[in-house]
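Presented below is the structure to which this report refers.
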Amino acid sequence: MSRSAVARNYADTLLDLAGREEAGQEYLRMIGDVAGLYATSTEFRMFVESPRIPIAEKREAIRAGFGERYPAPFVRFLLVVMEKRRQGLLPEIEEACRELLDQRTGRVNATVTLTVEPDPELRREIEASLSRVLGREVTADFSLDSRLLGGMIVRVEDCVLDGSLRRRLQLLRRTLIEEGSSARAAG
């Protein structure tokens with residue numbers, strides 16, 4: 001089974017746990033915190049991955065470190081992840097969890113590339129416009145690309161909507177070339 005399929009199975013289980021408590025977003029935040037810790041803390045990553053440290057010691061450390069901050073079902077989930085030696089999948093589990101939660105709630109994530117940093121009002125306007133067009137709630141991640149001349153590029157799932165000035169100029173150029181060829185052939 002592929003890593004992404006395994007991560008998706010764990011994410012599905014995590015959201016099932018969260019669903020019982022109506023806390024999908026909260027569980028997503030928690031798995032994001034732990035995945036972030038795994039990605040950024042060498043000490044944490046080495047501790048949970050070390051075969052020299054007995055699993056009982058890891059269990060105790062997980063309970064002590066996360067038991068007071070997170071609900072018991074979430075801590076038990078982390079313990080299973082560690083016991084099955086799947087801690088390396090924590091970032092993939094977070095991503096799969098986000099995707100599954102979006103599917104379950106009817107949301108879609110979009111990546112919007114602009115030439116300048118959008119202010120909060122423009123961010124809201126873009127998300128609202130995309131939500132109207134797609135008929136689903138849209139949450140957007142914004143990025144910058146100074147190579148764009150203007151406009152924006154929107155990526156939603158497997159679809160790319162290129163409304164950049166560069167793309168418009170390319171289309172205009174192609175149209176002018178085709179019209180010029182047609183005029184020469186007709187004349």
Side-chain angles (χ1 to χ4, degrees), residues 1-41 44-45 48 62-63 65-84 86-114 116-145 148 151-164:
M1 187 179 288
S2 72
R3 286 178 59 91
S4 62
V6 172
R8 192 168 178 90
N9 286 340
Y10 277 92
D12 193 39
T13 300
L14 181 60
L15 287 178
D16 285 347
L17 289 171
R20 292 185 199 120
E21 297 181 14
E22 308 293 323
Q25 280 299 123
E26 186 62 19
Y27 272 53
L28 175 60
R29 184 194 60 77
M30 291 185 292
I31 194 67
D33 290 348
V34 176
L37 182 63
Y38 179 84
T40 60
S41 172
F44 178 72
R45 189 172 48 255
V48 297
I62 295 296
R63 282 189 189 109
F66 298 115
E68 291 188 24
R69 289 193 305 179
Y70 299 133
F74 181 79
V75 174
R76 284 193 303 271
F77 173 81
L78 286 180
L79 292 171
V80 169
V81 169
M82 300 302 159
E83 288 170 4
K84 299 291 183 182
R86 299 294 191 180
Q87 60 274 7
L89 291 176
L90 285 168
E92 288 100 329
I93 293 171
E94 176 194 8
E95 182 59 33
C97 189
R98 183 178 318 284
E99 290 170 7
L100 286 170
L101 188 59
D102 285 348
Q103 286 175 3
R104 291 179 183 185
T105 59
R107 270 189 312 237
V108 65
N109 193 3
T111 302
V112 179
T113 305
L114 301 165
V116 294
E117 184 68 39
D119 61 33
E121 183 178 336
L122 180 58
R123 288 173 181 261
R124 283 190 298 275
E125 287 176 19
I126 291 170
E127 286 178 336
S129 295
L130 289 172
S131 294
R132 279 192 304 276
V133 168
L134 298 172
R136 295 164 61 186
E137 182 185 343
V138 173
T139 56
D141 297 320
F142 292 87
S143 63
L144 302 179
D145 186 345
L148 292 178
M152 71 176 82
I153 298 173
V154 179
R155 287 179 177 80
V156 179
E157 295 172 346
D158 294 335
C159 182
V160 176
L161 308 168
D162 190 342
S164 66

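Values in this document were obtained by computation on a predicted structure and should not be read as measured data. Position 1 is the first residue of the sequence; numbering continues from there.
Annotation: ring pair (Phe, Tyr, Trp, His ring centres under 6.0 Å) contacts of F66 (sequence neighbours excluded): Y70. Not counting sequence neighbours, the partners of S4 by the side-chain contact (heavy atoms from CB on, under 4.5 Å) test are S2. Residues satisfying the side-chain hydrogen bond (donor to acceptor under 3.5 Å, both in side chains) test with R76, not counting sequence neighbours, are none. Listed by chain and number, the residues in a side-chain hydrogen bond (donor to acceptor under 3.5 Å, both in side chains) with E68 amount to none (sequence neighbours excluded). Listed by chain and number, the residues in a side-chain contact (heavy atoms from CB on, under 4.5 Å) with A110 are L130, V138, V154, V156 (sequence neighbours excluded). With sequence neighbours excluded, no residue forms a side-chain hydrogen bond (donor to acceptor under 3.5 Å, both in side chains) with R69. Among residues two or more places apart in sequence or in another chain, the side-chain contact (heavy atoms from CB on, under 4.5 Å) test is passed with V160 by I153, R155. The side-chain hydrogen bond (donor to acceptor under 3.5 Å, both in side chains) test applied to Q103 returns R8, not counting sequence neighbours. For D141, the side-chain contact (heavy atoms from CB on, under 4.5 Å) partners at least two apart in sequence or on another chain are N109.
Of the inter-residue distances, the one linking R123 atom CZ with T139 atom OG1 reads 12.0 Å to the nearest 0.5 angstrom. Once rounded to the nearest 0.5 Å, the distance linking SG of C97 with CD of Q25 reads 9.0 Å. The CG atom of L14 sits 10.5 Å away from the CD atom of E94 when rounded to the nearest 0.5 Å. Atoms CG and CZ, from L17 and F74 in turn, are 10.0 Å apart once rounded to the nearest 0.5 Å. Atom CD of Q87 and atom CG of L78 lie 10.5 Å apart (nearest 0.5 Å). Atoms CZ and CG, from R45 and L90 in turn, are 11.0 Å apart once rounded to the nearest 0.5 Å.
Note on residues 30-40: pairs passing salt bridge (Lys or Arg N to Asp or Glu O under 4.0 Å), not counting sequence neighbours, are R29-D33. Applying the salt bridge (Lys or Arg N to Asp or Glu O under 4.0 Å) test to pairs two or more places apart or on separate chains, those with a residue in residues 125-139 are R136-E157. Counting only residues at least two apart or on different chains, the salt bridge (Lys or Arg N to Asp or Glu O under 4.0 Å) pairs with a member in residues 100-110 are D12-R104, D16-R104, D102-R107.
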Derivation and outcome, side-chain contact (heavy atoms from CB on, under 4.5 Å), residues V80 and R86: CA-CA 8 Å; V80 169; R86 299 294 191 180; over 6 Å; no
Evaluate the criterion side-chain contact (heavy atoms from CB on, under 4.5 Å) for residue pair F142 and T111; output intermediate values, then yes/no. CA-CA 6 Å; F142 292 87; T111 302; over 6 Å; no
When you look at Y10 and V81, which way does the side-chain contact (heavy atoms from CB on, under 4.5 Å) test go after all the steps? CA-CA 8 Å; Y10 277 92; V81 169; 3.8 Å; yes
Evaluate M152 against T113 for side-chain contact (heavy atoms from CB on, under 4.5 Å), listing each step before the verdict. CA-CA 5 Å; M152 71 176 82; T113 305; over 6 Å; no
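What you find for V112 and A140 is that their closest heavy atoms are CG2-CB, 4.0 Å.
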